[in-house]
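The next block holds one structure in the form of structure tokens; read it before the comments.
From a predicted model like this one, the values you see are computed outputs, not experimental measurements.
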Number of protein chains: 2
Amino acid sequence: MQASPTSAFLLTQIGTHAAQEFARRVAELDLTPPQAGLLRAVAIEPGRSQQAIARQLGTPATRLVALVDDLERRGLVQRRRNPDDRRLYAVDLTEAGRALMARIGRVAREHDDALLDGLEPAERERLRELLSRIAESQQLTSGVHPGYRALGSTAGHDC
Amino acid sequence: MQASPTSAFLLTQIGTHAAQEFARRVAELDLTPPQAGLLRAVAIEPGRSQQAIARQLGTPATRLVALVDDLERRGLVQRRRNPDDRRLYAVDLTEAGRALMARIGRVAREHDDALLDGLEPAERERLRELLSRIAESQQLTSGVHPGYRALGSTAGHDC
DNA sequence: TATTGTTATACTCTATAACTATA
DNA sequence: TATAGTTATAGAGTATAACAATA
């Protein structure tokens with residue numbers, strides 16, 4: 001047996017590997033991928049409420065509380081009450097959070113470069129275009145990938 | 001902000017989406033992705049011991065016991081003692097297991113086709129070639145992707 | 001009454017370690 | 001003593017549900 005793998009299999013295999021490698025790299029900044037994703041979400045659109053962020057990331061609001069708690073204890077984000085509606089917190093990056101985001105950006109570029117090691121520049125460009133088309137056709141356009149919530153046992157083989 | 005995503009990000013995003021879609025499809029066969037992966041591993045190389053399968057999949061042997069238990073209860077695989085070394089079990093597919101593998105194969109093809117919906121045949125071929133090159137350069141050649149074990153919190157964002 | 005944020009609880013999944021049998 | 005398989009335990013991580021404050 002051992003048929004040649006489908007593109008779907010390769011995409012799952014490589015995507016999983018990429019996520020693991022990224023996790024390994026950001027761990028050196030004492031961050032988990034969900035924490036890095038939250039920082040990124042706050043950086044892209046500061047000042048939103050936790051509910052709004054949770055809706056965008058497709059994760060339960062209760063999970064964000066713990067994430068924000070932790071990042072706030074470390075001085076990377078801050079909550080500030082909205083005086084117009086005192087139920088809401090606005091979540092922002094601190095100066096330290098912005099500095100860390102710059103480091104995460106460097107890590108992400110290194111990660112991308114290492115992953116595409118086997119491809120030449122023109123091939124990388126072709127790949128990027130094909131992947132963008134898939135992301136668009138699968139409606140993954142938001143820049144937040146659906147794996148923010150638990151993959152858990154849904155990860156795994158793809159035949 | 002909102003820089004255009006790197007290929008690494010797109011690969012993680014699409015790979016996660018692909019894994020979720022595959023999970024959704026095999027769930028209609030009452031299978032989890034790890035179960036489907038185990039069936040596939042047994043189909044490719046029948047008669048191996050649980051330890052050997054565990055080593056290949058990079059998962060603790062104790063986890064395989066539960067997986068094999070469940071599939072055996074459902075009549076999809078069978079254990080048979082090795083008379084030469086009575087410590088070992090040989091794991092094989094049953095007739096029902098082989099029939100189910102055929103259905104899984106159909107599901108995988110449908111899955112692959114749906115995922116590549118936005119690409120024309122020539123583009124699909126180019127993509128497959130580029131992905132194969134990445135898998136090779138990242139040493140993911142075995143046909144078993146590294147996400148067999150827990151992704152858990154390592155899943156998530158990729159900046 | 002509806003919504004934001006929070007806390008408490010329960011559940012799923014996985015790995016680690018201890019145990020039995022065969023060699 | 002080493003290895004295959006098994007069982008039992010504990011831990012991490014998540015979601016669900018109940019609660020407090022504000023609108």
Side-chain angles (χ1 to χ4, degrees), chain A residues 16 19-20 23 27 30-38 42 47-73 77-92 146-157, chain B residues 16 19-20 23 27 30-38 42 47-73 77-92 146-157:
Chain A
T16 303
Q20 287 176 342
D30 275 314
L31 289 175
T32 63
Q35 288 172 332
L38 174 55
V42 174
R48 282 184 297 172
S49 72
Q50 297 180 169
Q51 292 280 348
I53 298 172
R55 272 191 297 272
Q56 185 212 343
L57 298 181
T59 196
T62 136
R63 195 182 165 195
L64 248 94
V65 173
L67 281 171
V68 172
D69 279 352
D70 193 54
L71 295 181
E72 192 174 39
R73 261 192 299 272
V77 303
Q78 59 183 2
R79 291 175 166 102
R80 121 186 105 68
R81 278 282 182 203
N82 182 333
D84 294 342
D85 185 339
R86 292 179 47 72
R87 291 175 304 182
L88 280 68
Y89 278 116
V91 182
D92 289 300
Y148 190 83
R149 41 233 263 209
L151 253 181
S153 73
T154 72
H157 274 265
Chain B
T16 303
Q20 288 176 341
D30 275 314
L31 290 174
T32 63
Q35 288 172 333
L38 174 55
V42 174
R48 282 185 297 174
S49 71
Q50 297 180 170
Q51 293 278 350
I53 299 171
R55 272 191 299 272
Q56 185 212 343
L57 298 181
T59 196
T62 136
R63 194 180 166 196
L64 248 94
V65 173
L67 281 171
V68 173
D69 279 353
D70 194 53
L71 295 181
E72 192 174 40
R73 260 192 299 273
V77 303
Q78 60 185 2
R79 290 177 169 102
R80 122 187 104 68
R81 278 283 182 199
N82 181 336
D84 294 342
D85 185 340
R86 291 178 48 73
R87 292 174 304 184
L88 281 66
Y89 279 117
V91 182
D92 288 300
Y148 189 82
R149 40 232 263 211
L151 252 182
S153 72
T154 73
H157 276 266

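With dA4(D), dA23(D), dT7(C) as the candidates, the nucleotide lying closest to the side chain of Arg55(B) is dA4(D). For Val65(A), taking side-chain heavy atoms from C-beta onward, the closest of the listed nucleotides dA4(D), dT4(C), dT6(C) is dT6(C). Listed candidates were dA17(D), dG5(C), dA4(D). Nearest to the side chain of Ser49(A) is dG5(C). For Arg87(B), counting side-chain heavy atoms from C-beta on, the closest listed nucleotide (dA2(C), dA21(C), dG5(C)) is dA21(C).
To the nearest angstrom, C1' of dT3(D) lies 9 Å from CG of Leu88(B). Between the C1' atom of dA4(D) and the CZ atom of Arg80(B) lies a distance of 16 Å, rounded to the nearest Å. Taking atom CG of Leu64(A) as the reference point, atom P of dT7(C) lies 14 Å away to the nearest angstrom. Taking atom CG of residue Asn82(B) and atom P of nucleotide dT3(D), one finds them 17 Å apart after rounding to whole Å. We find that CG of Leu67(A) is positioned 14 Å from P of dT7(C), with the value rounded to whole Å. The nearest whole Å value for the distance from the CD atom in Gln51(B) to the P atom in dA23(C) is 16 Å. Atom CD of Gln50(B) and atom P of dT20(C) are 19 Å apart (whole Å). Distance, Arg81(A) CZ to dT4(C) P: 13 Å, rounded to whole Å.
Residue contacts shown for Arg79(A) are limited to sugar-phosphate atoms, with no base heavy atom under 4.0 Å away.
Val91(A) approaches Ile53(A) most closely through the heavy-atom pair CB-CD1, 4.1 Å. Residues Ala54(A) and Ala61(A) come closest through the heavy atom pair CB-CA, 3.8 Å.
Judged by distance alone, the side chain of Gln50(A) and the main-chain N or O of Val65(A) form no donor-acceptor pair under 3.5 Å. Not a single donor-acceptor pair under 3.5 Å links the side chain of Asp92(A) to the backbone N or O of Gln78(A).
Donor-acceptor pairing under 3.5 Å, judged by distance alone, is absent between the side chain of Arg86(A) and the base of dT22(D).
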Could you please spell out the steps behind the side-chain contact (heavy atoms from CB on, under 4.5 Å) verdict for Tyr89(B) and Arg81(B)? CA-CA 5 Å; Tyr89(B) 279 117; Arg81(B) 278 283 182 199; 3.2 Å; yes

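Remark: Arg63(B) is in phosphate contact with dT14(C), judged by side-chain N or O atoms under 4.0 Å from OP1 or OP2.
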